[in-house]
Amino acid sequence: MTSLSITNPATGAAIAEVAIDNAAAVGVKTARARAAQPQWASVPLAERKACIGRFRAAVEAGIETLAATLTAEVGKPIRQSRNELNGLLGRIDFFLAAVERSTAAETVFSDASITERIGHDPLGVVANISAWNYPYFVGGNVFVPALLTGNAVLYKPSEYAVLTGQHIARLLHEAGVPADVFTTLVGTGETGAALLAQPIDGVFFTGSAATGAKIASAVGARMIRLQLELGGKDPTYVCDDADPKAAAESLADGAMYNTGQSCCSVERIYVHERVHDAFVEAFLATVRGFKIGDPADEATYIGAITRAPQLQVLEEQVADAVAKGARLQVGGHRIAQPGNWFEPTVLTNVDHTMALMRDESFGPIIGIQRVHDDAEALALMNDTRYGLTAGVYTPDAARAQAILAKVNAGSVYWNCCDRVSPRLPWSGHGDSGLGVTLSTYGIQTFTRPRAWHLRTP
Ligand code: NAD
């Protein structure tokens, strides 16, 4: 295979043909990145910041074009594509404001004879292997701080978001980042695997737990920085003192935004028996109000399923749940039209024998389970191999605090969900991954500390 055929998942129509980088091309690009990186690292931080500032301005000026491309290649509703691009601007602002304080050399001890200082050196050449579901977010979380801290980046966009990857490269180069300092590698997992075989100094991966495990075994023995941002099966618990309608409206959005294809989508809901029925009624009313349709239409809320094989995963989860006693309240089927479409789907009377409550769904489907008390909810929330996010809805801060402190997850939410902040560390426990993006930790991760012991003669 020498080229990738890009199709619009909302229509099935071919929209572009893009040449693939084979192993030889990956080798050449890696060598060029390695040759270019020391010069980039020696550019004053103020100049690297100016490049990223110009990139930010170009993204802002080009939002309509960039959003249209994203919508065409991944099927994301156009308003949600714009939201992602605006979100990227906020993340860039954070990185620009925080890079100095996160990486400035710091004298931690000094007396008459010795000074001890911590410095931060770039890793060198890093691989940024990316997912398609939020290419500007998950890519930008890596390449923006990596470039700011003086690294060269070999960027492998998902094969489902190649045109977006090409836009990113063009805008970075026009903003002054040298071509060999940010290089795009086009292809499937094969191109990604070829990249892992190269002499690189770090791998920053966003994608599924299954691919993450392959990457960990491919590079684990090489002693290079390894960061894995993987999937989730994110739970939320609605307590008996919560407002069931407000919680339902918030959680329906958390489960179905981006057509359920978010790493931090709400994937399991536990509801206290006292508010269960009112919650389900309000949840169904909200879901029935979601507009499904052409992702380019401003009114659309539910778009296409980006990858066709995921339709079968969704069908199987519904069938398995129904066979084991779940009640299908709405949806449950493919929508028979060109492209990849699945109805927003809600199941109740579910339990943890069902794949729906254990395996990542990554689509607009959700199971709602009745629970008797906080202890049962907590046990169920922690009954997972994942640990990305978890939430609790209750007006009682102390109750939420008591539950959330015991949840095994990198991010916890009180009365909110499906939320990422550039100021806070983004990390997963268990099969949700390894390492941290965002926050000052997510800047320092692109550097190595150097310990300076300076004895005055
Ligand atoms: P994926 O694992 O199929 O692919 C991710 C990337 O890895 C792609 O670029 C792909 O080409 C590449 N790849 C595949 N096989 C490879 C190999 N053997 N060696 C090197 N690279 C290889 O995942 P996806 O479908 O693109 O993304 C969806 C998944 O990503 C979901 O599980 C989602 O939860 C997760 N995700 C996690 C986060 C997070 O922050 N934790 C964010 C977004 C998405």
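Note: hydrogens, waters and symmetry copies are ignored here, and every other heavy atom, side chains too, is used. Nothing fancy with the numbering, it's 1 onward along the sequence. Both counts, for ligands and for their atoms, begin at 1 and track the order of listing.
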Original post:
Name the one of Leu314, Ile366, Val287, Leu328 that satisfies side chain to side chain contact (heavy atoms under 4.5 Å, CB included) with Thr345?
Top reply: Leu328

Original post:
So, is Leu230 polar-close to ligand 1, with some N/O to N/O distance under 3.5 Å?
Top reply: yes

**OP:** Report the nearest protein non-hydrogen atom to atom 12 (C) of ligand 1: residue, atom name, distance rounded to 0.1 Å.
**Re:** Ile129 CG2, 3.7 Å

Original post:
For ligand 1, which atoms sit closer than 4.0 Å to a heavy atom of Ser158?
Top reply: 9 (O)

**OP:** For Gly231, take its heavy atoms, then give the atoms of ligand 1 lying under 4.0 Å from any of them.
**Re:** 32 (O), 34 (O)

Original post:
Could Arg34 and Asp201 be called an ion pair, given the rule that one side-chain N must be under 4.0 Å from one carboxylate O?
Top reply: yes

Subject >> For Glu159, atoms of ligand 1 separated by under 4.0 Å from a heavy atom >> reply: 8 (C), 9 (O), 10 (C), 11 (O)

**OP:** Could you tell me whether atom 4 (O) of ligand 1 has at least one protein heavy atom nearer than 4.0 Å?
**Re:** no

**OP:** Output yes when the distance from some N or O of ligand 1 to some N or O of Glu360 is under 3.5 Å, and no in every other case.
**Re:** yes

Original post:
For atom 19 (N) of ligand 1, what is the nearest protein heavy atom, given as residue, atom name and distance?
Top reply: Ala193 N, 3.5 Å

Subject >> Presence of salt bridge, Asp121 and Arg448, under 4.0 angstrom >> reply: no

Show which side-chain atoms of residues 188-199 pair as donor or acceptor with protein atoms under 3.5 Å away, not counting sequence neighbours.
residue, atom, partner, partner atom, Å
Thr188, OG1, Glu190, N, 3.3
Thr191, OG1, Asp21, O, 3.1
Thr191, OG1, Val186, O, 3.4

Original post:
Are any of the side-chain nitrogens in Glu174 or Arg54 under 4.0 Å away from the carboxylate oxygens of its partner?
Top reply: no

**OP:** Taking only Lys NZ, Arg NE, NH1 and NH2, and the carboxylate oxygens of Asp or Glu, determine whether Arg358 and Asp383 approach each other closer than 4.0 Å.
**Re:** yes

**OP:** Provide, to 0.1 Å, the distance between atom 35 (C) of ligand 1 and the closest protein heavy atom, together with that atom's residue and name.
**Re:** Gly207 O, 3.2 Å

**OP:** Please determine if Ser432 has a nitrogen or oxygen closer than 3.5 Å to a nitrogen or oxygen of ligand 1.
**Re:** no

Subject >> Test item: Val142 and Val138 side chains (from C-beta on) under 4.5 Å apart, heavy atoms >> reply: no

**OP:** For ligand 1, indicate whether the residue Phe137 contacts it via side chain, backbone, both or neither (heavy-atom separation under 4.0 Å).
**Re:** neither

Original post:
Are any non-hydrogen side-chain atoms of Ile6 and Val162 less than 4.5 angstrom apart?
Top reply: yes

Subject >> Side-chain heavy atoms of Leu434 within contact of Gln227, under 4.5 Å >> reply: no

Original post:
Side chain or backbone of Asn133 under 4.0 Å from ligand 1, or both, or neither, by non-hydrogen atoms?
Top reply: side chain

**OP:** Just let me know how Thr206 lines up against ligand 1, side chain, backbone, both or neither, with a heavy-atom cut-off below 4.0 Å.
**Re:** both

**OP:** Pull out every atom of ligand 1 sitting under 4.0 Å from any heavy atom of Thr188, numbered as shown with elements.
**Re:** 11 (O)

Original post:
What are the atoms of ligand 1, with element, lying closer than 4.0 Å to any heavy atom of Gly192?
Top reply: 19 (N), 20 (C), 21 (N)

Original post:
Which bit of Phe362 gets closer than 4.0 Å to ligand 1, counting heavy atoms only: side chain, backbone, both or neither?
Top reply: side chain

**OP:** Among all protein heavy atoms, pick out the one at the shortest distance from atom 15 (N) of ligand 1; state its residue, atom name and that distance to 0.1 Å.
**Re:** Thr211 CG2, 3.3 Å

Original post:
Can you tell me the protein heavy atom closest to atom 17 (C) of ligand 1 and the distance?
Top reply: Gly189 O, 3.7 Å

Original post:
Given that the side chain starts at C-beta and the backbone is N, CA, C, O, which of these parts of Phe205 lies under 4.0 Å from ligand 1, counting heavy atoms, or is it both or neither?
Top reply: side chain

Original post:
By number and element, which atoms of ligand 1 are closer than 4.0 Å to a non-hydrogen atom of Ala131?
Top reply: 26 (O), 27 (O)

Original post:
How does Thr191 reach ligand 1, by side chain, by backbone, by both or by neither, if only non-hydrogen atoms under 4.0 Å count?
Top reply: neither

Original post:
Would a 4.5 Å heavy-atom cut-off, applied to side chains only, mark Leu147 and Val177 as touching?
Top reply: yes

**OP:** Quick one: look up the protein heavy atom nearest atom 18 (N) of ligand 1 and list residue, atom name and how far away it is.
**Re:** Lys214 CD, 4.0 Å

Original post:
Would you say Arg307 touches ligand 1, if touching means a heavy atom closer than 4.0 Å?
Top reply: yes

Original post:
Would a 4.5 Å heavy-atom cut-off, applied to side chains only, mark Tyr393 and Cys239 as touching?
Top reply: no

**OP:** If you have a sec, work out which protein heavy atom is nearest atom 23 (O) of ligand 1 and how many Å separate them, to one decimal?
**Re:** Ser208 N, 3.3 Å

Original post:
Residues two or more places apart in sequence or in another chain: which of them pass salt bridge (Lys or Arg N to Asp or Glu O under 4.0 Å) with Arg288?
Top reply: none

Subject >> Within-cut-off N or O pair, Trp132 and ligand 1, under 3.5 Å >> reply: yes

Subject >> Pi-cation contact, Phe137 with Arg91 (under 6.0 Å, within 45°) >> reply: yes

Original post:
Does ligand 1 have any atom that is closer than 4.0 Å to a heavy atom of Trp426?
Top reply: yes

**OP:** Write out the residue and atom name of the closest protein heavy atom to atom 36 (N) of ligand 1, then the distance separating them to 0.1 Å.
**Re:** Cys263 CB, 3.5 Å

**OP:** Answer with side chain, backbone, both or neither: which part of Ser130 has a heavy atom less than 4.0 angstrom from an atom of ligand 1?
**Re:** backbone

Original post:
If you count the non-hydrogen atoms of other residues, nucleotides and ligands that lie under 6.0 Å from NZ in Lys406, is the total more than 12?
Top reply: no

**OP:** Kindly confirm or rule out a cation-pi arrangement of Lys76 over Tyr134, judged by NZ or CZ under 6.0 Å from the six-membered ring centre and within 45° of its axis?
**Re:** yes

Subject >> For Val138, the ligand 1 atoms whose distance to one of its heavy atoms is below 4.0 Å >> reply: 42 (C), 43 (C)

**OP:** Return the orientation label for the Tyr301 and Phe290 ring planes: parallel under 30°, perpendicular over 60°, tilted otherwise.
**Re:** parallel

